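This report refers to the structure that appears directly beneath it.
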Amino acid sequence: MFKDILQKLENAANPVAQVVQNTSCLKVMVIAFKKGMILKEHKTDVPAKLLVIKGNVIYKEENQQNELFLYDEQEIPVAVLHSVEALEDSLCLLFKG
């Protein structure tokens, strides 16, 4: 799974996301970034948490930003515009539900 997403990332212009698990109460995704890639502003309709498993990203939400390093977590509130920017090649897990 991780090898697949990293292969897709090689030729990608934007972050690459892939669902790892999807049940009625939890969805887990892996999101891969090359340095400088931005996951553009969007909202979530369910509570979510971002976990950095490789690299370094900046989570931006309204008028604040939080730099996240290896194994840092970020709660993502429902219905709030947010984005993620990679400061280096990065892998994140996203838990929704």
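Every value quoted in this text rests on a predicted model; they were computed, and no experiment measured them.
Cluster annotation: Ile38 is not connected to Val30 through the hydrophobic network of ILVMFWY side chains, with a link wherever side-chain heavy atoms come within less than 4.5 Å. Under the 4.5 Å side-chain heavy-atom criterion for grouping Ile, Leu, Val, Met, Phe, Trp and Tyr, Met29 is connected to Ile76 within one hydrophobic cluster.
Minimum interatomic distance between Ser90 and Gly55 (heavy atoms only, all atoms of both residues): OG-CA, 3.5 Å. Counting all heavy atoms, side chain and backbone alike, Cys92 lies closest to Leu50 at CB-CD1, 3.7 Å.
Residues passing the side chain to side chain donor-acceptor pair (under 3.5 Å) test with Asn66 are Gln74, sequence neighbours excluded. With sequence neighbours excluded, the residues satisfying side-chain contact (heavy atoms from CB on, under 4.5 Å) with Val46 are Thr44, Lys96. Not counting sequence neighbours, the partners of Glu61 by the side-chain contact (heavy atoms from CB on, under 4.5 Å) test are Tyr59, Gln64, Pro77, Val80, His82. In terms of the side chain to side chain donor-acceptor pair (under 3.5 Å) criterion, residue partners of Glu73 (sequence neighbours excluded) are, by chain and number, Lys49. For Ile53, the side-chain contact (heavy atoms from CB on, under 4.5 Å) test picks out Phe2, Leu51, Leu91, Leu93, with sequence neighbours left out.
Legend: ring-ring contact (aromatic ring centres under 6.0 Å, His included) pairs involving residues 7-38, not counting sequence neighbours: none detected. Listed by first and then second residue, the salt bridge (Lys or Arg N to Asp or Glu O under 4.0 Å) pairs involving residues 76-88 are Lys60-Glu85 (not counting sequence neighbours). For residues 30-43, no pair satisfies salt bridge (Lys or Arg N to Asp or Glu O under 4.0 Å), with sequence neighbours left out.
Taking the side chain as every heavy atom from C-beta outward, Ile58 and Val84 never approach each other to under 4.5 Å. Counting only heavy atoms from C-beta outward, the side chains of Leu39 and Ser83 never approach each other to under 4.5 Å.
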Pairs of donor and acceptor atoms involving the side chains of residues 17-28, under 3.5 Å and at least two apart or interchain, shall be tabulated with distances.
| residue | atom | partner | partner atom | Å |
| --- | --- | --- | --- | --- |
| Thr23 | OG1 | Cys25 | N | 3.4 |
| Thr23 | OG1 | Leu26 | N | 3.1 |
| Thr23 | OG1 | Leu26 | O | 3.2 |

Listing, residues 5-12 side-chain donor-acceptor contacts under 3.5 Å, not counting sequence neighbours, or none:
none

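Cluster note: Leu81 groups with no other residue, as no ILVMFWY side-chain heavy atom lies under 4.5 Å from it. Grouped with Tyr71 in one hydrophobic cluster are Leu70, the linkage being side-chain heavy-atom contacts under 4.5 Å among Ile, Leu, Val, Met, Phe, Trp and Tyr residues.
Of the residues Asp72, Asn56, Val57, the one that meets the side chain to side chain contact (heavy atoms under 4.5 Å, CB included) test with Glu67 is Asn56.
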